[in-house]
Amino acid sequence: MRIMGVDPGLSSTGYAVIDDVGGRQSVVEGGVVRTKPAEPLEHRLHTIYQDIRTVIEQFAPAAMAIEDLHTRYRNLKTAIVMGHARGVVVMAAGEAGIPVFDYEPTRAKKLVTGSGRADKEQVQRAITSQLNLPSVSKNEHVADAFAIALCHAIIASNPAYQAQQAALGRR
């Protein structure tokens, strides 16, 4: 199964595409969509939407795993803006007919590193080790996107999860 992981953000949205074959994951693509803070919000969101849509068209993932919003934002405006960025990513997936799976950052960290409280460097090292690709960890947003994609790969391989998804009519 080809999985796209996304770490949404207004300035930097990390994305990762992996293939999961028989429980073995391999890197297909990873990168960052960047927007300029000086641009109006609608232009920044359009950039994120267009670039994610292009990645979807180019790599045709079967599923998208996206980082859920944090539960505690210091600033309510930050949460709202993050929701906008997340929304356009989900919209691109919906437009392409790709099912979207939400994961809390702590869940992805726990599955990838063994600790839900892992810091950015621990996540980057774990991703580098698991995917055997040092360049993956150079950007924290890309590393987080790979962590979300790996989280879905691990969970989706669980037979109980597969039965539940089949009952819901999802892939």
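Residues: numbered from 1 along the sequence shown.
- Under the rule for a side-chain hydrogen bond (donor to acceptor under 3.5 Å, both in side chains), the partners of Ser11 that lie at least two apart in sequence or sit in another chain are Arg44.
- Around CD of Glu121, the count of heavy atoms belonging to other residues, nucleotides or ligands within 6.0 Å does not exceed 12.
- Considering only residues two or more places apart in sequence or on other chains, Asp144 meets the salt bridge (Lys or Arg N to Asp or Glu O under 4.0 Å) condition with Lys120.
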Show the atom names and distances, to 0.1 Å, of all donor-acceptor pairs under 3.5 Å that link a side chain in residues 79-88 to residues at least two apart or in another chain.
from: Arg86; atom 1: NE; to: Glu67; atom 2: O; distance (Å): 3.1
from: Arg86; atom 1: NH2; to: Asp102; atom 2: OD1; distance (Å): 2.2

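- The closest donor-acceptor contact from the side chain of Ser129 to the backbone of Arg125 lies at 3.5 Å or more, if one exists at all.
- Of the possible donor and acceptor atoms, none in the side chain of Gln58 sits under 3.5 Å from a partner among the backbone N and O of Val55.
- Among residue pairs with one or both ends in residues 108-117, none qualify as salt bridge (charged side-chain N to carboxylate O under 4.0 Å, His left out); sequence neighbours excluded.
- Residue pairs meeting the salt bridge (charged side-chain N to carboxylate O under 4.0 Å, His left out) criterion with at least one partner in residues 13-29, sequence neighbours excluded, are Arg2-Asp19.
- Put simply, the side chain of Phe146 does not reach to within 4.5 Å of the side chain of Val112, judged on heavy atoms.
- Checked against salt bridge (Lys or Arg N to Asp or Glu O under 4.0 Å), Arg34 has no partners two or more places apart in sequence or in another chain.
- Contacts of Glu57 classified as salt bridge (Lys or Arg N to Asp or Glu O under 4.0 Å), with partners at least two apart in sequence or in another chain: Arg53.
- Under the 4.5 Å side-chain criterion, counting only non-hydrogen atoms from C-beta, Ile148 is not in contact with Val6.
- Looking only at distances, a side-chain donor or acceptor of Gln25 sits under 3.5 Å from a matching main-chain atom of Gly23.
- When the side-chain hydrogen bond (donor to acceptor under 3.5 Å, both in side chains) test is applied to Thr113, no partner is found at least two apart in sequence or on another chain.
- Looking only at side-chain heavy atoms (C-beta outward), Val32 and Tyr15 stay at 4.5 Å or farther from each other.
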